[in-house]
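Here's the structure, in structure tokens; my notes come after.
We name chains A, B, ... by the order of the sequence lines, and we start the count at 1 in each one. Not measured: the values here are computed from a predicted model.
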Amino acid sequence: MKNYKRILVTSALPYANGPIHLGHLAGAYLPADIYVRYQRLKKRDVVYICGSDEHGVPITIAAEKKGVSPQQIVDQFHARNKAAFAKFGMSFDYYGRTSSPMHHQTSQEMFINLNDKGVFIKKTEQQLYDAKARMFLPDRYVKGECPHCGFPEAYGDQCEKCGSSLSPTELINPISALTGDKPQQKETEHWYIPLGALQKQVEEWLATRQGWKPNVMGQVKSWLNEGLADRAVTRDLNWGVQVPLPHAEGKVLYVWFDAPIGYISATKEWAMEKGNPELWKTYWQNDDTRLVHFIGKDNIVFHCIMFPAMLIAHGNYVLPDNVPANEFLNLEGNKLSTSRNYAVWLEDYAEKFDIDPLRYYLAAIAPETKDSDFVWQEYLTRNNSELADILGNFTNRTLAFAKNQFTGTVPARGDLDELDREMLSTIARAPDEIGAAIENFEFRKALVLFMNVARAANKYFNDQEPWRTVKQNPAKCATTLNICLHACNALALLMAPVLPFSAAKAWAMMGHATDVHQQAWDDVRHMELPTGHQLGRVEILFRKMEEKEIEPEIERLKNIQAQPDNKPVVAEPTASISIDELAKVQLRVAKIVAAEKVEKADKLLKMDIQMGDEQRQIVAGIALHYSPEALIGKKIIVVANLQPAKIRGIESNGMLLAAQDDQGNLSLLGLDKDVNDGASVR
RNA sequence: CGCGGGGUGGAGCAGUCUGGUAGCUCGUUGGGCUCAUAACCCAAAGGCCGCAGGUUCAAAUCCUGCCCCCGCUACCA
């Protein structure tokens, strides 16, 4: 591995239109914080950067809903999220925001730089324009009927009913969400980054990456295999970083373009705060900086392809050494949903519970290789049986023993037996073993290794039976306790990255006046408590929790799940429709004149159908149930006025009707008596 | 449709790259100990490693097909 001189760590900039929940924390923030805290204890030069992502359409929508300005929205959530992170011990060196002047300036410089180099290409395209509001409509501001499922309230980017992704111009009868008017198509010009042209360079760079998680590299390769397309870096919107060119009024940088630049601008602000405005360059423009982005899996394409492509095109920035993206965290078996309030919010949690047990549990179930599940009952079990019973109780039994038998001081270490040496060796090995796991982004493993030290310490205590030797062999008892205290001391420091608050408490209990977070990780290998050292006050390190404390939380989530309107859109078919609505659907009899399988598609058939004078082509997913030959000549019922769609690149002008039962059996609708094709069905 | 990830005792996971007696934590059962937060320590029971084929002396691990779950240039880690 390359010999890096310093480390720059970033966590995904949280979007400032809502509060932070457990999923965010588990995916992008807690792992980064553990990593950074560890690196600091290793006495490495590390800077940890984060901040609020404050641009983009959703914020303007949120502002409009509440009748306030976008700035008010982001001000609110920037402050709240920053405070929430602080409560959970996120040790950012700087928490910036993308609405800051520095960020606007930095983003514009990046844009100008790439523009001057001729990186961008300009394209003119048709977009929907609301004449009354005098603005181009973002995808989300356009509503209309979904061309795939007919859902009347589909958005311009996606139909929430059938989940298909759309473009606004595909919608049937589009209306502006702003004014309710029918928008018109109007030309607009945008800057695009030609990712296809940069693909080779991105691939070459990726080929040099080592130690990337398979799920991350797999996803990246999937993107690259499909081939990268040109991607717009500007939008017609009045909230964001202005495009710094003449005649670009009303155009801002697309939020995906400016957000990652936020890492750079926040580092600049950090440097200025340190009184050394040029310092950011050391971290961003020196090859011997190790850049690590902590993100969730939804962000992989931005951090592994698009942002690097931008940086490559610029040429003067370091590229990420690793992007240890996490999968998703579920909650009590279900996906988190902010809109349904199905989440645990940091702000709520902090009011009721201790922070470290959550940090511990989330790190223990970190979705490193696959989605994981937060279960309150497991959280309680982990806290009680691991933190309290194994780690906390070991500290407690040791310190209580020292207090009762050795007046709260460290007894002398005498001759060592086999068990003593084994225990000391276990402690001495721990920092390297745990450290290696952390460096490898294996936080779950790090936690297991850490807890195993406490387990070994408990076993050692049991096996040496100091409560017996205290009467029969005081010197041996002293040695045992000396080593147990040594273990407590080591554990206090080893827990610091994951359990920062408890580590401080434990360190004080060991009688130190210093800050545990200022210690050196490697000292665990050889540090010793001097004989006679006065220990601190014995306190309970981790409180045992009771079921009744978490019951309301479980109950709350259950209730949300049970709410009927939360079974989104599935209930829709039961809604009754008017006769007029039915009349919109034109059903006709058609005769199949030709049919063939669609290549590389197991289920699709392409058919030519005859309806009176008219012949057209349709595509249907019935190949598993009907062979092409058997279909020719058959008369079927089709929806004649369904909007044309392309299915695997083949035009389909209509949809045939078929019944399907629970077992998946399929049966085409036919005719009871023969009728001429083209006849209408009513 | 395609692509990426995952499917291992009751629960949660490791092991899969580099085939060779299936491991850890919790839970269950039995025992030990009593310094300690009714904590700690030891032992046992419990798995046809998603399904079906194949390669091999040998497959959780390699190959092929299938099934199920999560995600996929979106406002969400």
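Taking atom CG of A/Asp371 as the reference point, atom C1' of B/C13 lies 14 Å away to the nearest angstrom. The nearest whole Å value for the distance from the CZ atom in A/Arg382 to the C1' atom in B/U37 is 19 Å. Computed from coordinates, the A/Lys370 NZ to B/C13 P distance equals 5 Å when rounded to whole Å. Between A/Leu447 atom CG and B/C24 atom P the separation is 19 Å, expressed in whole Å. B/C17 atom P lies 20 Å from atom CE of A/Met217, rounded to whole Å. We find that CG of A/Asp373 is positioned 13 Å from P of B/A11, with the value rounded to whole Å. Note: CZ (A/Phe401) to P (B/C35) measures 8 Å, nearest angstrom. A straight line from CD1 of A/Ile305 to C1' of B/C72 spans 12 Å, rounded to a whole angstrom.
For the C1' atom pair drawn from B/C41 and B/C57, the interatomic distance equals 43 Å after rounding to whole Å. Atom C1' of B/A60 sits at a distance of 25 Å from the matching atom of B/C3, rounded to the whole Å. Rounded to a whole angstrom, the distance from the C1' atom of B/A58 to that of B/C1 is 39 Å. Rounded to a whole angstrom, the distance from the C1' atom of B/C48 to that of B/A22 is 13 Å. The same atom, P, is picked in B/U73 and in B/C42; the two are 49 Å apart, to the nearest Å. Atom P of B/C63 sits at a distance of 9 Å from the matching atom of B/C17, rounded to the whole Å. Across B/G50 and B/U16, the matching P atoms stand 15 Å from one another, rounded to whole Å. B/A36 sits 30 Å from B/A45 when the C1' atoms are compared, rounded to a whole Å.
Looking at heavy-atom distances under 4.0 Å, A/Arg543 makes no contact with the nucleic acid at all. The residue A/Lys544 sits close to a base: some heavy atom pair falls under 4.0 Å. A/Arg468 comes within contact range of the sugar-phosphate backbone alone, with a heavy-atom separation under 4.0 Å but no base atom that close. Counting non-hydrogen atoms under 4.0 angstrom, A/Glu386 reaches the backbone sugars and phosphates but no base. Here A/Leu541 lies in heavy-atom contact (under 4.0 Å) with a base. A/Ala229 comes within 4.0 angstrom of a nucleotide base, judged by non-hydrogen atoms across all strands. A/Phe328 comes within contact range of at least one nucleobase, with a heavy-atom separation under 4.0 Å. Contacts of A/Glu378 with the nucleic acid, taken as non-hydrogen atoms under 4.0 Å apart, involve only primed sugar atoms and P, OP1 or OP2. Nucleic acid contact for A/Ile295: sugar-phosphate only, since backbone atoms but no base atoms lie under 4.0 Å from a heavy atom of the residue. Here A/Trp223 lies in heavy-atom contact (under 4.0 Å) with a base. Nucleic acid contact for A/Asp298: sugar-phosphate only, since backbone atoms but no base atoms lie under 4.0 Å from a heavy atom of the residue. Residue contacts for A/Leu329: at a heavy-atom cut-off of 4.0 Å it reaches a base atom on one of the strands shown. At a threshold of 4.0 angstrom between heavy atoms, the contacts of A/Gly392 include nucleobase atoms, whether or not backbone atoms are also involved. Residue contacts for A/Phe542: at a heavy-atom cut-off of 4.0 Å it reaches a base atom on one of the strands shown.
Nucleotide B/G27 is matched to nothing when pairs are restricted to Watson-Crick or G-U wobble geometry with both distances under 3.5 angstrom. With a cut-off of 3.5 Å on both pairing distances, B/G9 has no Watson-Crick or G-U wobble partner at all. Under the Watson-Crick and G-U wobble criteria, each requiring two contacts below 3.5 Å, nucleotide B/C17 is left unpaired.
Nearest to the side chain of A/Asn396, among B/C75, B/U37, B/C26, sits B/U37. Minimum atom distance to the side chain of A/Arg231 is reached by B/U73, of the listed B/U37, B/U73, B/C40. Considering only the side chain of A/Ser385, B/C26 comes nearest among B/C75, B/C13, B/C26. Residue A/Phe302 places its side chain closer to B/U73 than to any other of B/A36, B/C75, B/U73. Nearest nucleotide to the side chain of A/Ile390, out of B/U73, B/A36, B/C40: B/C40.
In this structure, A/Gln199 contributes its side chain and A/Leu224 its backbone to a donor-acceptor pair below 3.5 Å. Side-chain atoms of A/Thr407 never come within 3.5 Å of backbone atoms of A/Lys403 as a donor-acceptor pair (strictly under, hydrogens ignored). When atom types are taken as modelled, the side chain of A/Thr395 and the backbone of A/Cys488 share no donor-acceptor pair closer than 3.5 angstrom. At distances below 3.5 Å, not a single donor-acceptor pair connects side-chain atoms of A/Trp256 with backbone N or O atoms of A/Val233.
Salt bridge status for A/Lys370 with A/Glu327: absent, with no side-chain N to carboxylate O gap under 4.0 Å.
Considering A/Tyr48, A/Tyr263, A/Phe92, A/Phe441 as possible partners of A/Phe294, the one that fulfils the ring-ring contact (aromatic ring centres under 6.0 Å, His included) test is A/Phe441.
Taking the six-membered ring wherever Trp is involved, the centroid distance between the rings of A/Tyr29 and A/Phe85 falls below 6.0 Å.
Note on A/Lys459: a side-chain N or O is less than 4.0 Å away from OP1 or OP2 of B/C42. One finds no side-chain N or O of A/Lys445 lying less than 4.0 angstrom from the OP1 or OP2 phosphate oxygen of B/G23.
For the pair A/Lys297 and A/Glu327, both in contact range of RNA chain B, the more 5′-proximal nearest nucleotide belongs to A/Lys297. Nearer to the 5' terminus of RNA chain B, by closest-nucleotide assignment, is the contact made by A/Ala454 (compared with the other of A/Ala454 and A/Pro367).
For A/Phe461 and B/C40, the ring-to-base geometry does not satisfy the stacking test (centroid distance below 5.5 Å, interplanar angle below 30°). Aromatic stacking of A/Trp467 on B/C35: satisfied, with centres closer than 5.5 Å and planes within an angle under 30 degrees.
Figure legend: cation-pi geometry between A/Arg397 and A/Phe461, with NZ or CZ positioned under 6.0 Å from the six-membered ring centre and within 45° of its axis.
To the nearest 0.5 Å, the span separating CZ on A/Phe307 from NE2 on A/His293 amounts to 5.5 Å.
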